[in-house]
Amino acid sequence: MRIKDLVVNPPTFLSPMAGLTDSVFRRLIKRLGGCGLVMTEFTSAEGLTRNSLKSQRMLFYHEEERPVTAQLFGADPFRLAEATRMVEDLGFDAIDLNLGCPAKKVVKACGGSALLRESKLLEEILKTMRAATTLPFTIKIRAGWSETEIVSVQVGKMAQDIGINAIALHPRTRVQGFSGHSDWNLIGQLKAALNIPVIGNGDIVTPEDAFRMKRETGCDGVMIGRGALSNPWIFRQIGEREHGVAAPQLGVTEKYQLIKSYFQLLFEEETPGAIGKMKQFASWFTHAIPHGAALRKSIYESGTESEVMERIETFFQTALASLEDVDPRVSVA
Ligand SMILES: Cc1cc2nc3c(=O)[nH]c(=O)nc-3n(C[C@H](O)[C@H](O)[C@H](O)COP(=O)(O)O)c2cc1C
């Protein structure tokens, strides 16, 4: 799949998820294989252009992540254009504008999904940003503000006319938040209406879901968020299935190794707030393992990073020892 002159191969995307898909997590996903493009967490154009350290940190990436997109949010065309130039100077492969965030703070300032109801302002923003860069430029949208204001095709056509190079659609409304289901029919409608690539997003939790979305909507690529948190191997499994290889069952050993590599990377990077991330990550990866609930409780009570590490080590060593006599590849996925 091509986004302007950027080749995305395979056409699989890791969803940006604020607080979760930092550089360390993105690298972990890339190392597992099968993910064609990763994106930064959404970054405030206001913050960036006012030299906020937090916003600058959000745009940290590693060469290993390429191709990598920077995602911006904001509502001021001139700040967004300035931030776009900064993103280009930082060497990103592409830039994305967030038009989906439902958070009150963002929406109140007219950013994220609020722009889906402000078509004049949105048009000005897209034109100003487009003029500011030659980078591949994408947008990531929700379907609209509410059920009675579905604007994905309308926004898609406008964006295409302005020269935006691809669109990712999460077909829920702002009002919906994360409730209910995403309506994949809207992805099919957008694909049918546009010539630029359409990336389908929403509720893909298994490799089969990804194939079904492609089949049912004709989308050019798939973007996976929450499904990749509990199963970071999902991208590799999609590739394996595509090539007719039966995806191996992932067991306790693989989960243990993944947790260890994640912690290792966090330590190497001296990531701020590492302990919170360790707790979060450990909790995703211990579901469906016997006694996982007790471990999660004890991890949440840990006061230091090394304490978390010790509890994880003890837990997995015990879990593995008890499985040795049974089946070393007992599935916990
Ligand atoms: C915790 C969390 C943080 C998110 N942060 C962002 C973000 O920074 N930018 C964005 O475009 N979407 C963000 N999203 C939305 C996801 O990228 C994605 O569109 C949504 O979760 C639907 O895909 P999924 O069903 O595969 O998770 C976030 C979602 C979650 C759950």
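Just so you know, ligand 1 is whichever comes first in the structure, and atom 1 is the first atom listed for that ligand.
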Chemist: Nearest non-hydrogen contact with atom 28 (C) of ligand 1 belongs to which option: G225, P171, G100, P16?
Modeler: P16
Chemist: Say whether F178 and ligand 1 are in contact under the criterion: heavy-atom distance to a ligand atom below 4.0 Å.
Modeler: yes
Chemist: Look at the aromatic rings of Y262 and F25 and report parallel, tilted or perpendicular, splitting at 30° and 60°.
Modeler: perpendicular
Chemist: Ignoring hydrogens and geometry, is there a side-chain-to-backbone donor-acceptor pair from Y61 to L90 under 3.5 Å?
Modeler: yes
Chemist: Which residue holds the protein heavy atom closest to atom 3 (C) of ligand 1, what is that atom called, and what is the gap in Å?
Modeler: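 Checked against all protein heavy atoms, atom 3 (C) of ligand 1 sits closest to A18 N, 3.3 Å.
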Chemist: Using only heavy-atom distances, determine whether the side chains of S298 and E301 contain a donor-acceptor pair under 3.5 Å.
Modeler: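 The criterion, which ignores hydrogens and geometry beyond distance, is not satisfied for E301 and S298.
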Chemist: Do ligand 1 and F42 have nitrogen or oxygen atoms that lie under 3.5 Å from each other?
Modeler: yes
Chemist: For ligand 1, which atoms have a heavy atom of G202 less than 4.0 angstrom away?
Modeler: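 Close to G202: 23 (O), 25 (O).
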Chemist: Any donor-acceptor pair under 3.5 Å linking the side chain of D161 with the backbone of M158?
Modeler: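 Between the backbone of M158 and the side chain of D161 there is no qualifying donor-acceptor contact (under 3.5 Å).
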Chemist: Nearest heavy atom to atom 24 (P) of ligand 1 wins, so pick from R172, H181, R226, E41.
Modeler: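 It is R226 whose heavy atom sits nearest to atom 24 (P) of ligand 1.
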Chemist: How far is atom 19 (O) of ligand 1 from the closest protein heavy atom, and which atom is that?
Modeler: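 Of every protein heavy atom, N201 OD1, 2.6 Å lies nearest to atom 19 (O) of ligand 1.
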Chemist: Is the closest side-chain donor-acceptor distance between N201 and R172 under 3.5 Å?
Modeler: no
Chemist: Got an N/O contact under 3.5 Å between I204 and ligand 1?
Modeler: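 No; every N/O pair is 3.5 Å or more apart.
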Chemist: Give me the nearest non-hydrogen protein atom to atom 10 (C) of ligand 1 as residue plus atom name, then the distance to 0.1 Å.
Modeler: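 Minimum-distance protein heavy atom for atom 10 (C) of ligand 1 reads N98 ND2, 3.3 Å.
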Chemist: In this structure, would I139 and I150 fall into the same cluster of hydrophobic residues linked by side-chain contacts under 4.5 Å?
Modeler: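 Yes, because I139 and I150 connect within a single hydrophobic cluster, where side-chain heavy atoms sit under 4.5 Å apart.
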Chemist: What is the closest protein heavy atom to atom 15 (C) of ligand 1, and at what distance does it sit?
Modeler: K140 NZ, 3.7 Å
Chemist: Between the main-chain N or O of E41 and the side-chain N or O of T43, is there a donor-acceptor pair closer than 3.5 Å?
Modeler: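 Checking the backbone N and O of E41 against the side chain of T43, a donor-acceptor pair under 3.5 Å is found.
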Chemist: I'd like to know if F42 and M86 are part of one continuous hydrophobic network [Ile/Leu/Val/Met/Phe/Trp/Tyr, side-chain heavy atoms within less than 4.5 Å].
Modeler: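 Per the 4.5 Å side-chain linkage, M86 and F42 are not co-clustered.
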Chemist: Looking at ligand 1, is there an atom of it that comes within less than 4.0 Å of some heavy atom belonging to G227?
Modeler: no
Chemist: Looking at E46 and R50, does any basic side-chain N land under 4.0 Å from a carboxylate oxygen?
Modeler: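 Salt bridge between E46 and R50, a charged N being under 4.0 Å from a carboxylate O: yes.
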Chemist: With atom 22 (C) of ligand 1 as the reference point, say which of M17, R142, M58, H170 has the nearest heavy atom.
Modeler: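 Considering heavy atoms of M17, R142, M58, H170, the nearest to atom 22 (C) of ligand 1 sits in H170.
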Chemist: So which protein heavy atom does atom 11 (O) of ligand 1 come closest to, and at what separation?
Modeler: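 For atom 11 (O) of ligand 1, the nearest protein heavy atom is Q71 NE2, 2.8 Å.
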Chemist: With a 4.0 Å heavy-atom cut-off (strictly under), which part of D203 contacts ligand 1: side chain, backbone, both or neither?
Modeler: both
